[in-house]
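Note that ligands are numbered from 1 as they come in the structure, with each ligand's atoms numbered from 1 the same way.
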Amino acid sequence: MADPDQPPRLAFHGVTGVRGGRRLFAGLSFTLAPGDAALVTGANGVGKSTLLRIAAGLLAPAEGRVETPRCALMAEAAALDSGQTLEDALRFWAALDAAPEPARRVTDAMTATGLAALAHVPVRLLSTGQRRRAALARVVASEAPLWLLDEPVNGLDAASVTTLETLVADHRARGGIALVATHTDIALPGALGIAL
Ligand SMILES: Nc1ncnc2c1ncn2[C@@H]1O[C@H](COP(=O)(O)OP(=O)(O)OP(=O)(O)O)[C@@H](O)[C@H]1O
């Protein structure tokens, strides 16, 4: 567990990632402090999503140790209830976060991701790109110190990619940390490169 009195940081200490009995990476060590970002790159199936899931605490490292602050993961599935309105679906997750004011956080996140006008639209009616933006809104609404973004650019149009880049930059400027896995270009100034 992260010490709440210390600034948040993500630290991998000699981490080995194994999936389906296959060793994907070994002895991986890095530290990200407030304001830092890292870009995880590599071919399909190399282990980028696995690394993010280990960072999120969803998978245990086969070897080594991970220090993770409170985090939010944007993965392939938005994990939003398709029968609910966008606002209600986002509020469901925001209420589970260890942070106050879920309704205010959701409203702010929908505005930041350009989704405010769709607040009352059922999730099932959202387009692919809108659903991806909704997944991003879930991360923004969490106000978690660590954002874990797995292929966040997939399905986004050019304007939404710019919005994403701005949101990540703002998050870092506020002392947040971002770990991004992608094989698409994304502007992440000064990011640590983790090539798998
Ligand atoms: N639940 C699972 N059980 C067993 N093997 C898995 C599981 N999930 C992924 N794998 C395997 O682990 C390896 C790494 O997968 P991972 O999703 O981490 O790769 P990736 O680099 O994110 O790939 P992509 O660029 O295609 O998204 C792949 O060979 C994949 O088949």
Side-chain angles (χ1 to χ4, degrees), residues 2 8-32 36-82 93 96 113 123 126-140 142 144-158 160-165 167-169 171-172 176-196:
R9 68 176 202 156
L10 171 67
F12 272 46
H13 305 278
V15 170
T16 295
V18 171
R19 208 85 201 270
R22 260 188 355 118
R23 193 178 169 98
L24 299 169
F25 49 85
L28 183 63
S29 297
F30 65 89
T31 300
L32 300 178
D36 286 347
L39 198 58
V40 185
T41 56
N44 288 140
V46 81
K48 301 183 296 297
S49 300
T50 301
L51 193 159
L52 263 63
R53 292 179 73 79
I54 289 174
L58 296 172
L59 270 179
E63 289 163 359
R65 189 167 60 84
V66 177
E67 294 171 61
T68 303
R70 190 165 75 81
C71 67
L73 172 67
M74 177 182 175
E76 193 183 348
L80 295 171
D81 186 336
S82 61
W93 288 107
L96 298 178
T113 52
V123 168
L126 298 178
S127 73
T128 303
Q130 288 167 344
R131 227 169 272 222
R132 294 297 290 162
R133 279 196 276 146
L136 178 61
R138 183 156 85 80
V139 170
V140 173
S142 75
L146 172 62
W147 289 5
L148 301 166
L149 308 179
D150 196 355
E151 301 291 357
V153 172
N154 279 3
L156 294 185
D157 61 24
S160 299
V161 173
T162 303
T163 301
L164 167 71
E165 290 168 343
L167 288 170
V168 173
H171 173 63
R172 294 172 67 190
I177 301 167
L179 182 64
V180 183
T182 182
H183 33 228
T184 317
D185 267 353
I186 174 172
L188 211 54
L192 171 73
I194 301 175
L196 295 182

Novice: When you compare ligand 1 with Gly42, is there at least one nitrogen or oxygen pair between them that comes in under 3.5 angstrom?
Specialist: no

Novice: Using a 4.0 Å cut-off to any heavy atom of His183, which atoms of ligand 1 qualify?
Specialist: 25 (O)

Novice: Are any non-hydrogen side-chain atoms of Arg172 and Leu188 less than 4.5 angstrom apart?
Specialist: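 Yes, side chains in contact.
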
Novice: To the nearest 0.5 angstrom, please state how far the CG atom of Asn154 sits from the OG1 atom of Thr128.
Specialist: 11.0 Å

Novice: Can you list the ligand 1 atoms lying under 4.0 Å from a non-hydrogen atom of Gly20?
Specialist: 4 (C), 5 (N)

Novice: Let me confirm one number: the CG-CZ distance from Asp36 to Arg9, rounded to the nearest 0.5 Å.
Specialist: 11.0 Å

Novice: Where do Phe25 and Ile194 land on the side-chain contact (heavy atoms from CB on, under 4.5 Å) test, with the steps shown first?
Specialist: CA-CA 11 Å; Phe25 49 85; Ile194 301 175; over 6 Å; no

Novice: Could you list which atoms of ligand 1 come closer than 4.0 Å to a heavy atom of Thr50?
Specialist: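 The list of qualifying atoms is 14 (C), 15 (O), 16 (P), 18 (O).
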
Novice: Using distance alone, decide if ligand 1 has a nitrogen or oxygen within less than 3.5 Å of any nitrogen or oxygen in Leu24.
Specialist: no

Novice: Within 4.0 Å of atom 25 (O) of ligand 1 (strictly less), any protein heavy atom?
Specialist: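 It does: a protein heavy atom is found less than 4.0 Å away from atom 25 (O) of ligand 1.
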
Novice: Looking only at protein heavy atoms, which one is nearest to atom 14 (C) of ligand 1, and how far off is it?
Specialist: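 Of the protein heavy atoms, Gly45 O, 3.3 Å lies nearest.
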
Novice: Below 4.0 angstrom from a heavy atom of Lys48, which ligand 1 atoms are there? Numbered from 1 as shown, please.
Specialist: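 Checking each atom against Lys48, I get 18 (O), 19 (O), 20 (P), 21 (O), 22 (O), 23 (O), 24 (P), 25 (O).
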
Novice: Calculate, to the nearest 0.5 Å, the distance between atoms OG1 and CD1 belonging to Thr41 and Ile186 respectively.
Specialist: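 Reported to 0.5 Å precision, the distance equals 12.5 Å.
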
Novice: Could you tell me the separation between the CG atom of Leu10 and the OG1 atom of Thr31, rounded to the nearest 0.5 Å?
Specialist: 8.0 Å

Novice: Below a 4.0 angstrom heavy-atom separation, can you tell me which part of Ala43, side chain or backbone, both or neither, approaches ligand 1?
Specialist: backbone

Novice: Are Val161 and Glu165 side-chain neighbours, meaning at least one heavy-atom pair lies under 4.5 Å?
Specialist: yes

Novice: When you look for heavy atoms under 4.0 Å from ligand 1, do you find them on the side chain of Arg53, its backbone, both, or neither?
Specialist: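 Looking at Arg53 and ligand 1, no heavy atom falls under 4.0 Å.
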
Novice: Looking at non-hydrogen atoms alone, which of Arg22, Arg19, Glu151 comes nearest to atom 8 (N) of ligand 1?
Specialist: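 That would be Arg19.
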
Novice: Within the structure provided, determine whether Arg133 and Leu156 are in side-chain contact (heavy-atom separation under 4.5 Å).
Specialist: yes

Novice: For atom 27 (O) of ligand 1, what is the nearest protein heavy atom, given as residue, atom name and distance?
Specialist: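 Heavy-atom neighbour on the protein nearest atom 27 (O) of ligand 1: Ser49 OG, 4.1 Å.
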
